[in-house]
Structure formats: C-alpha cells, structure tokens
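Taking it in order: structure first as structure tokens, then the write-up.
Count residues from 1 along the sequence.
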Amino acid sequence: MTASALTIPVWMAVAAVALAGLAIGSFLNVCIYRLPRHQSIVRPASRCASCKRPLSWYENIPVLSYAVLRGRCRTCGTRISIRYPVVEIITAAAFVAQLLAVGPGPLLAVHLLFTSALIVLFAIDLEHQLLPNVITVPGIAAGFAASLLLPPGPIMSLAGIALGGGVLWLLIEVWWRVRGVEAMGFGDVKMLAMIGAFLGVKLVLVTFMLASLIGGLVALVVVASRRGGLMTALPFGTMLAVAAFIASVAGEPLLTWYLGLYR
Ligand SMILES: [Zn+2]
C-alpha cells in the first residue's frame, strides 16, 4: 500500500477504515431491511423489528450491542438476526481490503461506496431475489460521474455500462426467443451496468466470468449435496456482487494472469 502521502501509520489507517466499515455496515443493515419493504431509510430511528421499541444509542453500537445483548431484544426477548453483526463485520473487512488494494485517496472513497452498494444488493437479492432500482440506477450515474475524474475514466466507464448492460440484455432477449423463459431478470442487467460504470469495460468482463465460475461451482455443490432448488439456491445478483468485489480489489492482476495463460 502506498501510504507515503499520509504520515499516519498503516495500522491506524486500517483501524480507522475498519471502524468506518462497522458504522456504515450498521447503516447498510437498515437499507437491507427497509428498501425491499419500501420504507424510508432515514425515519424512523432504528427499533426492534418485533416490539417496535426505539433502540437507545447503546443498543445501536455495531457488533458490540449484539454481543452484550446476546442477540435478543432487551424488552421483548425476540431473537435479533445474526445478519446484523455479520453484515457489519463483512463491511469492515471489505473496506479494509479496499484500503489495502487501492490505498488512501479519492478512489478509495469511490470504491467504498461501490462496495457498500454491492453488500446491500447481495443481501437483498439473497433474501428477496430482488435488485432494487434505487441502488442500481443511481449507482450507474455515480460510477460514471466518478470516472470523469478517476480511473477507469469516462470512455472505459461508458463502454462498461454498454457491455455490462447490453450483453446481458441481449442474452435475456435471445434466451427468451429460443427457450421462452427468462434467463435472468432485468435487475441483473442494471446491476452489471452499474458494475461496468464503476470498474470499466475490462473488469466488467472479469466480473461476468468470475460470477459464472462461482455460479458453476455453487451449482456443482448443490447438485452434489441435494437435488432441486438449483437455480433458486443462489440468485445471480449475489454471485455478481461477490465477483465484482473480487474484480475491484484484484481484477487487474487477475486479468494479467488470465491473459498470460494464452501467450
Ligand atoms: Zn423487541
């Protein structure tokens, strides 16, 4: 990591980004719960999903509150989903991975925003088989806007949007004509366009290949363990999210290695 521009030690940067990840992860939990239910993500303040009692500040501390309360509401005793601390820890870890991959600077801020969107899309697609437009469509615009000043640059970003959105859209159309079934939802198309906007045309290709690879591996495991529910086991958006994250931290080396295989 090139932390030379900043005079703070690396461990301090890691700690700061990890803490920010825990706090933002806590907000992502709110988005994950409320967006598919068409509720405001600003109001009301966090409360128990069961007895609706508003949470006090000390019940709202990422991970720590869950551990102290032993995963139960203080008043009604209802179990709090393990998803809350898990999302917070994953966000913190993913943020640190981005810091180590990108280094401090404006590009890190863009990558953290992108990572946050991926985590929300992953969780909502896993639970509801849904990729909300309120994330993907502004995501396309945000990725392109950032590319005006930062990598991958506006031309690569536009090409990424066109390829990410276009190729999948074409695939769905062809599949529809040939087989009469929808291969994927249009949520996937918009999500891949968003990934293209942030990462550019080369890494959106890497993402698509990685997601298909992960999909294939998951399918193998599902078939090996039990039959049925193959396609619903993991929605494509969840695999796109994981693949896009990998591409955003390690895409360039992956691409170099992959192309090197054919030299
Ligand atoms: Zn309660």
Side-chain angles (χ1 to χ4, degrees), residues 1-2 14 17-18 20-21 24-25 28 32 86-105 107-126 131 135-136 139-140 142-143 146-147 150-152 156-157 159-161 163-165 167-168 184 187-222 233-262:
M1 186 175 66
T2 51
V14 168
V17 167
I24 291 172
L28 300 185
I32 290 164
V86 167
V87 166
E88 286 155 0
I89 290 167
I90 285 176
T91 307
F95 275 25
V96 169
Q98 289 290 4
L99 171 70
L100 299 178
V102 183
L107 189 61
L108 177 64
V110 176
H111 274 233
L112 296 189
L113 180 73
F114 179 59
T115 302
S116 301
L118 292 179
I119 290 170
V120 172
L121 290 172
F122 177 93
I124 294 180
D125 201 29
L126 186 65
L131 297 163
I135 303 279
T136 53
I140 297 171
S147 80
L150 295 165
M156 294 301 266
S157 176
I161 296 170
L163 185 81
V167 165
L168 255 192
M184 277 167 259
D188 297 312
V189 175
K190 282 172 262 181
M191 182 174 175
L192 208 55
M194 180 192 94
I195 294 165
F198 274 100
L199 300 184
V201 67
K202 276 188 290 179
L203 292 187
V204 83
L205 263 176
V206 172
T207 300
F208 191 73
M209 290 190 301
L210 273 177
S212 308
L213 186 73
I214 297 168
L217 290 176
V218 169
L220 273 179
V221 171
V222 169
L234 270 189
F236 195 58
T238 60
M239 290 174 260
L240 276 181
V242 173
F245 176 75
I246 296 172
S248 72
V249 291
E252 293 290 349
L254 265 177
L255 197 63
T256 314
W257 168 79
Y258 183 75
L259 294 176
L261 294 179
Y262 295 95

[X] side, atom [atom1]; [Y] side, atom [atom2] - distance, nearest 0.5 Å:
X: Leu121; Y: Leu131; atom1: CG; atom2: CG; value: 5.5 Å
X: Ile119; Y: Phe245; atom1: CD1; atom2: CZ; value: 7.5 Å
X: Ile195; Y: Leu118; atom1: CD1; atom2: CG; value: 6.0 Å
X: Met239; Y: Leu217; atom1: CE; atom2: CG; value: 10.5 Å
X: Phe208; Y: Leu163; atom1: CZ; atom2: CG; value: 9.5 Å
X: Ile90; Y: Leu28; atom1: CD1; atom2: CG; value: 11.0 Å

Report task. Sequence neighbours left out, what passes ring pair (Phe, Tyr, Trp, His ring centres under 6.0 Å) with Phe114? Give chain and number order. Result ->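 Partners of Phe114 by the ring pair (Phe, Tyr, Trp, His ring centres under 6.0 Å) criterion, ordered by chain and then number, come out as Phe198.
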Query raised in the report: Among pairs that include at least one residue of residues 209-222, which meet side chain to side chain donor-acceptor pair (under 3.5 Å), considering only residues two or more places apart or in two chains?
Result: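 For residues 209-222, and leaving out neighbouring residues, there are no side chain to side chain donor-acceptor pair (under 3.5 Å) pairs at all.
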Which residues satisfy the side chain to side chain contact (heavy atoms under 4.5 Å, CB included) test with [X], sequence neighbours excluded?
X: Val189; answer: Leu168, Trp169, Ile172, Phe186
X: Ile246; answer: Leu210, Val242, Leu254
X: Leu107; answer: Val102, His111, Leu150, Pro151

Query - Validation row: Leu203, Pro152 side chains within 4.5 angstrom (heavy atoms) - result: no
Requested in this report: Side-chain contact test, heavy atoms from C-beta onward, threshold under 4.5 Å: evaluate it for Val204 versus Leu199 and give yes or no.
Outcome: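 No - every pair of side-chain heavy atoms lies 4.5 Å or more apart.
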On a heavy-atom basis, which atom in [X] and which in [Y] lie closest, and how many Å separate them?
X: Val87; Y: Gly25; result: CG1-O, 3.7 Å
X: Ala243; Y: Ala211; result: CB-N, 3.5 Å
X: Ser157; Y: Ser147; result: CB-OG, 3.3 Å
X: Met191; Y: Leu240; result: CE-CB, 3.8 Å
X: Leu192; Y: Thr207; result: CD1-CG2, 4.4 Å
X: Ala197; Y: Ile140; result: CB-O, 3.5 Å

Report task. Show your reasoning for whether side chain to side chain contact (heavy atoms under 4.5 Å, CB included) applies to Leu100 and Val249. Result -> CA-CA 9 Å; Leu100 299 178; Val249 291; over 6 Å; no
Query raised in the report: Does Ser248 have any side chain to side chain donor-acceptor pair (under 3.5 Å) partners at least two apart in sequence or in another chain, and if so, which?
Result: Gln98
